[in-house]
Amino acid sequence: MSGDLSMALSRKQMAWRAAQDISDGAYVNLGIGLPTLCSGYLPKGRLVTFQSENGILGFGGPPPKGEEDYDLINASKGAITILPGASIVHHGDSFAMIRGGHIDIAVLGAFEVANNGDLANWSPGPGGVPGVGGAMDLASGARAVWVVTTHVTKSGAPKLVERCALPLTGAKVVKRVYTDLAVIDVTEAGFVLRELSPEVSVDRIREMTGAPLLLEGEPAPLKAPAGL
Amino acid sequence: MSGDLSMALSRKQMAWRAAQDISDGAYVNLGIGLPTLCSGYLPKGRLVTFQSENGILGFGGPPPKGEEDYDLINASKGAITILPGASIVHHGDSFAMIRGGHIDIAVLGAFEVANNGDLANWSPGPGGVPGVGGAMDLASGARAVWVVTTHVTKSGAPKLVERCALPLTGAKVVKRVYTDLAVIDVTEAGFVLRELSPEVSVDRIREMTGAPLLLEGEPAPLKAPAGL
Amino acid sequence: MSLAEAVSPIFDGATVMISGFGGSGAPLELVHALIDHGARGLTVVNNNAGTGRVGLAALIDSGAVEKVICSYPRTSDARAFTGRYLAGRIALELVPQGTLAERIRAGGAGIPAFFTPTAAGTDLAEGKEAREIEGVPCILEHWLRADFALVKADLADTYGNLTYRLTARNFGPIMCAAADLCIVQAREIVEPGGIDPEHVITPGIYVHRITHVPDPAQEEILVANNAVYP
Amino acid sequence: MSLAEAVSPIFDGATVMISGFGGSGAPLELVHALIDHGARGLTVVNNNAGTGRVGLAALIDSGAVEKVICSYPRTSDARAFTGRYLAGRIALELVPQGTLAERIRAGGAGIPAFFTPTAAGTDLAEGKEAREIEGVPCILEHWLRADFALVKADLADTYGNLTYRLTARNFGPIMCAAADLCIVQAREIVEPGGIDPEHVITPGIYVHRITHVPDPAQEEILVANNAVYP
C-alpha cells in the first residue's frame with residue numbers, strides 16, 4: 001500500500017490489473033512474489049503460456065496439499081502442476097529462450113524504476129549476501145518488461161525515479177509499470193501516466209513520483225474488482 | 001597406392017591398420033571416404049561408438065538394400081542402421097560434442113599433412129566450388145586427429161610435407177598418420193617413423209616424404225592381413 | 001493451414017533458413033510452396049546448396065536465391081548451385097558446419113557473438129577478429145538470424161511443440177529458434193498433451209505456423225528418380 | 001559402482017559442478033558420499049549455495065568448500081553458506097543465472113568465450129570487457145569447466161545415456177558435458193536400447209561413472225523434516 005491511501009489497490013488487485021493486459025497467445029514469465037499472482041487473474045478464454053526459468057513451459061498452479069512433486073517446481077521452488085502441451089528443457093535451453101527474446105512479457109517486481117527504463121530489483125545495496133538469480137537475464141531478454149510494484153516504499157519514498165540509486169538489474173528495459181495507484185508507460189520521453197486511481201489527483205501522484213510524470217490526454221481511471 | 005610399390009597396403013588394409021589402434025570404449029568420428037572403412041575392421045570384442053556429425057551417436061553399417069531410411073543417415077548422407085544405446089541430437093549439440101573435445105579420435109583423409117601437425121584436406125585450391133563441411137570442426141575439436149592417406153599423390157608427390165601448400169583445415173592438429181607404406185607420429189620434433197612396410201627402406205621412405213623423418217629406434221614392420 | 005498460406009508472408013529479399021542435412025529433414029513441400037509463392041532475392045541458410053532438381057535445388061533453379069550461406073555446396077548433384085555460382089550469378093558464404101550450427105544456435109539464444117577455435121589459422125578466418133583464449137587460438141563469429149525458417153517435423157501439437165524423425169532432427173530445432181517467423185510442416189498434428197513434455201524437442205514458443213504434410217517426400221528418392229519441380 | 005567408489009577420484013582443490021535447482025535434481029546421495037570421502041578446498045558450481053543441513057549445505061558445513069560459483073545463495077534456509085560468507089570464510093562468485101547456464105554450456109561445447117547482453121551496464125559487468133554488437137551493449141563472459149560433475153538422473157543405460165525427471169533436468173545435461181569426469185546417480189539403470197534414442201537427454205559420451213540410487217532423497221522433504229547430514 002502506498003502510505004495512507006485507503007483506495008490504493010491491494011496486491012491482488014495490482015496483479016489483476018496487470019493480468020488484464022497480457023494478450024492472448026502470449027508467453028509470459030512471472031517474477032517471484034507479487035508478479036506470480038497475475039496467473040490467477042487472466043480474463044476467461046485467454047490462452048497464456050507461462051515459462052519458468054528453471055526449464056518448464058506450460059504449467060499450472062500448485063497441486064493439492066500432500067501431492068507436491070518436488071521434481072516439478074517453478075523458479076520460486078514451489079511445487080506446480082503440468083498442463084497439456086507443456087515442455088521441459090534444460091537450464092541452458094531455458095535461458096536461451098529468455099535471452100533470445102522469445103518471452104513476450106516478463107512481469108517483475110522492483111525496488112526502483114527510472115524514467116529511462118532502468119530497473120533495480122536484485123540488490124538492496126551493499127552488505128548481506130547478494131543473490132541475482134535470473135533477474136538480469138529476464139530484464140535484458142524479455143521482449144517487454146513490466147513492473148508491478150507499490151508506488152512508494154513503506155517509508156513513502158518514490159520507487160519511480162529519475163535515476164536508480166540501487167544497483168541496476170538492467171539498463172533501459174522497463175516498458176510499463178503497474179502500481180497500486182497508477183499505470184505508467186516508460187517512453188522515450190520518460191514516464192507517461194496512463195491510468196490513475198480516481199481517489200488521487202495528478203498533482204498528488206506527481207508528488208509521489210521521483211521523476212517527471214507526463215500526460216498524454218487525461219489519464220483513465222485505474223480500476224480493479226473490489227474484494228480482491 | 002604409392003607409385004609402383006606393389007607391397008603398398010590397399011585401401012582396406014590401411015583402414016584395417018588404423019582400426020587396430022582404436023581403443024576399447026572410444027568415441028570415434030570417421031571422415032568421408034577411406035576413413036569410413038575403419039568401422040569394418042575393429043578387433044573382435046572392442047566396443048567403439050561411432051559419431052556422425054549430423055547428429056547420431058551409436059550407429060552401424062548400411063541396412064539391406066531396399067530398406068534404406070533416409071531419415072537415418074551418416075555424414076556422407078548414406079543410409080545407416082541404429083544400434084542399441086544410440087542417441088540422436090540436433091546439429092548444434094552434435095558440434096558441441098565435437099568442438100567440446102568429447103570425440104576421442106577423428107580419423108580423416110588428407111591432401112597434405114605438415115610435420116607440425118597442420119592438416120589440409122578441405123580445399124584443392126582456388127577455382128571450382130569450395131565446400132568445407134565439418135572438416136575444420138573435427139580437425140580442431142577432436143582429442144586426437146589421425147590421418148589415413150596414401151603416402152604420395154597419384155603423380156608421386158609427397159603428401160607429408162614441411163609446410164602445407166593447400167589451404168589449411170586446422171593448424172597443428174594431426175597426431176598420427178597411417179599411410180600405405182608407414183605409420184608416422186607427429187611429435188613436437190616433427191614426423192617420427194613408427195612402422196614401415198618391410199619392402200621399403202628407410203632411405204626410400206625418406207625420399208617419398210617431404211619433411212624430415214625421424215627415427216626413435218628401428219621402425220616396426222607395417223603389417224595387415226592379406227586379401228583385404 | 002495450407003502450404004501456400006503457410007509461406008505467404010515470405011517477402012522478397014528475406015533471409016530464409018531451411019532445415020535438413022542433405023535430404024534428411026528437408027521440408028520439400030514447404031520449399032516447393034515457396035517456389036510457387038514466388039518471393040525473389042532470397043538469402044538461404046542450409047547446410048548444403050541443393051541436390052538434383054527438387055527442393056532447394058529447384059528453388060535455386062527458379063532464380064529466387066541471391067545468396068547461399070552453407071557449409072558444403074558440393075553435393076552429389078549440385079548442378080543448380082554450381083552453374084549459377086561459376087557464372088557469378090549467386091553468392092556463397094561458406095561457413096564450417098559446426099560454426100554454422102553454433103551461429104544459428106546463438107541467433108536463437110541471444111548470443112550476438114562468440115569465440116571459437118574452429119577455422120582459426122585457416123583461410124576461412126580471414127577478416128575475422130582473432131584472439132588467443134587460455135592458450136587456444138580462436139576467432140570471433142557472429143550469430144545468424146533469419147526472417148523465416150522452413151522446418152520439417154514429425155509430430156506437432158497445436159501449440160507448436162515438435163518432434164523429429166531420427167537424424168532428420170539436424171538443423172530443425174536451432175533454426176526454429178533463430179527465425180522471426182518459424183513455419184513448420186508436420187507429418188502428424190496432435191492435440192496438446194499428445195507429446196510427452198519430456199520428449200518435446202522444439203518447444204511451441206518457437207513455432208508460429210504449422211501445415212500438415214502427412215506423407216512428405218524424401219529428397220533422396222526424388223533425386224534418384226530424376227524428379228523435377230515444378 | 002558404489003557411491004563411495006563413484007566419488008573416489010575427487011581430489012582436494014577440485015572444481016565440482018553439482019546439478020539441481022534448489023532440491024530438484026540435487027544428487028544428495030553423491031554429495032553425501034563426497035562429504036564422507038573428505039576432499040577439501042573445493043570450488044562448487046551450483047545455482048544456489050545449499051539449504052538446511054543436507055546436501056550442498058552439509059558439504060559447506062563440513063568445511064570442504066572454499067568457493068561457491070552460483071546465481072542465488074539466498075535460499076529459504078541458507079545458514080551454512082551465509083554464516084561462512086559473512087565471516088569471510090567462503091568465497092562467492094555471483095553470476096546471473098542464465099549467464100551461469102550459458103558459461104557451463106560453453107564449457108561443454110568448446111566455446112571459450114561469448115558476448116551476452118545480460119548484466120551489461122550493471123555492477124556484475126565490472127571488470128568485464130564491454131562491447132556494443134549490432135547496437136546491443138554486451139559483455140564478454142568465459143566458459144566454465146569443472147574437474148567433476150555430480151549429477152542426478154532418472155534413467156541411465158549402461159553406456160551412460162540419461163533421462164531426467166521433469167524439471168529435475170535443469171543443470172544436469174550442461175554440467176555432464178562441462179566436466180572432465182561426470183559422475184551420475186541414476187534411479188534406474190537399464191541395458192542399451194532401454195531408452196529410445198530420440199528420448200535420450202544426455203548422450204552417454206558425456207558420462208563416465210554411474211551409481212544406482214533407486215530411491216533418491218528429495219531435499220525439500222529432508223529440509224522440511226530438519227534432517228542433518230551426517
Side-chain angles (χ1 to χ4, degrees), chain B residues 32 52-57 59 68-82 86 88-101 118-120 122-141 164 166-173, chain C residues 19 21-25 47-49 51 70-76 78 81-82 85-86 92 94-102 104-106 108-109 116-125 136-137 152 154 164-175 177 201-202 218-221:
Chain B
I32 294 177
S52 188
E53 56 265 37
N54 52 315
I56 182 167
L57 194 68
F59 59 90
E68 295 88 355
D69 176 348
Y70 287 102
D71 283 346
L72 186 56
I73 63 174
N74 60 18
S76 306
K77 288 157 189 153
I80 53 177
T81 47
I82 193 162
I88 304 282
V89 295
H90 65 56
H91 238 80
D93 283 347
S94 181
F95 279 91
M97 201 178 274
I98 292 168
R99 195 188 313 100
D118 285 359
L119 171 66
W122 76 276
S123 170
V129 179
V132 64
M136 289 187 180
D137 306 280
L138 284 163
S140 73
C164 294
L166 292 170
L168 290 195
T169 307
K172 302 181 187 172
V173 295
Chain C
S19 68
F21 174 82
S24 178
N47 188 62
N48 305 106
T51 302
C70 79
S71 84
Y72 201 76
R74 295 208 315 261
T75 50
S76 56
F81 177 82
T82 304
Y85 177 77
L86 296 177
L92 170 66
L94 192 73
V95 184
Q97 196 169 337
T99 298
L100 181 66
E102 189 67 11
I104 296 167
R105 191 263 173 195
T116 175
T118 299
T122 77
D123 290 357
L124 295 189
V136 181
K152 181 184 186 178
D154 190 41
Y164 303 85
R165 268 202 82 226
L166 299 164
T167 59
R169 186 182 301 186
N170 57 66
F171 282 93
I174 52 177
M175 287 183 169
I201 302 301
T202 293
Q218 198 78 16
E219 188 178 278
E220 284 81 355
I221 309 292

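Proteins come first, then strands; the chains are lettered A, B, ... in the order of their sequence lines, and each starts at number 1. No hydrogens, no waters, no symmetry mates; every other heavy atom, side chains included, goes into these values.
- Annotation: the span from B:His91 atom NE2 to C:Ser19 atom OG amounts to 11.5 Å, rounded to 0.5 Å.
- Interface remark: B:Ser123 contributes no atoms to any contact with chain C (heavy atom separation under 4.5 Å).
- Between B:Pro130 and C:Leu92 there is a side-chain heavy-atom pair separated by less than 4.5 Å.
- Contact tally against chain B (heavy-atom pairs below 4.5 Å) for C:Leu94, C:Val136, C:Ile174: the top residue is C:Leu94.
- Two rings, from C:Phe171 and B:His90, have their centers 6.0 Å or more apart.
- Taking all atoms of both residues into account, the shortest heavy-atom contact from C:Ala119 to B:Met136 is CB-SD, 3.6 Å.
- C:Arg105 is not listed as a side-chain neighbour of B:Asp93, based on a closest heavy-atom distance of 4.5 Å or more.
- For the side chain to side chain contact (heavy atoms under 4.5 Å, CB included) test with B:Asp71, the passing option among C:Arg169, C:Glu220, C:Gln218 is C:Gln218; the others fail.
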Original post:
Do C:Asp123 and B:Leu168 pass the side-chain contact (heavy atoms from CB on, under 4.5 Å) test, and can you show the C-alpha distance, the side-chain angles, and the key distance before you say yes or no?
Top reply: CA-CA 7 Å; C:Asp123 290 357; B:Leu168 290 195; over 6 Å; no
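- For the set B:Ala139, B:Gly134, B:Ala135, the count of heavy-atom pairs under 4.5 angstrom toward chain C peaks at B:Gly134.
- Going from atom CG of C:Asn170 over to atom CD1 of B:Ile56 covers 12.0 Å, rounded to the nearest 0.5 Å.
- Chain C forms the most heavy-atom pairs under 4.5 Å with one residue out of B:Ile98, B:Asp118, B:Ile88, B:Leu72, and that residue is B:Ile88.
- Ranked by heavy-atom pairs under 4.5 Å with chain C, the list B:Ser94, B:Ala86, B:Ser140, B:Ala79 is led by B:Ser140.
- The two atoms that bring B:Asn74 and C:Phe21 nearest to each other are O-CE2, 3.7 Å, heavy atoms only.
- The greatest number of non-hydrogen atom pairs below 4.5 Å with chain C, out of B:Glu53, B:Lys172, B:Arg99, is found for B:Arg99.
- For the pair B:Lys77 and C:Thr75, the tightest heavy-atom approach, listed with the atom from each and the gap, is NZ-CG2, 4.1 Å.
- C:Ile221 places none of its side-chain heavy atoms less than 4.5 Å from the side chain of B:Glu68.
- Salt bridge annotation for C:Arg165-B:Asp69: present, with a cationic side-chain nitrogen under 4.0 angstrom from a carboxylate oxygen.
- Residues C:Thr122 and B:Gly170 approach most closely at CG2-N, 4.3 Å, considering heavy atoms.
- Chosen from C:Gly22, C:Pro117, C:Gly98, C:Pro96, the residue pairing most often with chain B at heavy-atom distances under 4.5 Å is C:Gly98.
- Between chain C and the residues B:Asp137, B:Val89, B:Thr169, B:Ile80, the most heavy-atom pairs under 4.5 angstrom are made by B:Asp137.
- Taking chain C as the reference chain and counting heavy-atom pairs below 4.5 Å, the highest number among B:Ala96, B:Ala120, B:Ala75, B:Ala171 is found for B:Ala75.
- Here the closest non-hydrogen pair linking B:Val132 and C:Tyr72 is N-CD1, 3.8 Å.
- We find the CH2-OG distance between B:Trp122 and C:Ser71 to be 11.0 Å, quoted to the nearest 0.5 Å.
- Heavy-atom distances place the side chain of C:Phe81, and not its backbone, under 4.5 Å from chain B.
- Per-residue heavy-atom pair counts under 4.5 Å with chain B were compared for C:Pro73, C:Pro137, C:Ser24, and the maximum is reached by C:Ser24.
- B:Ile82 touches chain C through its side chain: at least one heavy atom from C-beta onward sits under 4.5 Å away, while N, CA, C and O do not.
- Heavy-atom pairs under 4.5 Å with chain B were tallied for C:Cys70, C:Gly25, C:Ala49, C:Ala101; the largest tally goes to C:Ala101.
- The two residues B:Ile73 and C:Thr167 come nearest to each other via the heavy atoms N-OG1, 3.1 Å.
- In summary, the side chains of C:Gln97 and B:Asn54 do not present any donor paired with an acceptor at a separation below 3.5 Å, with no hydrogens or angles considered.
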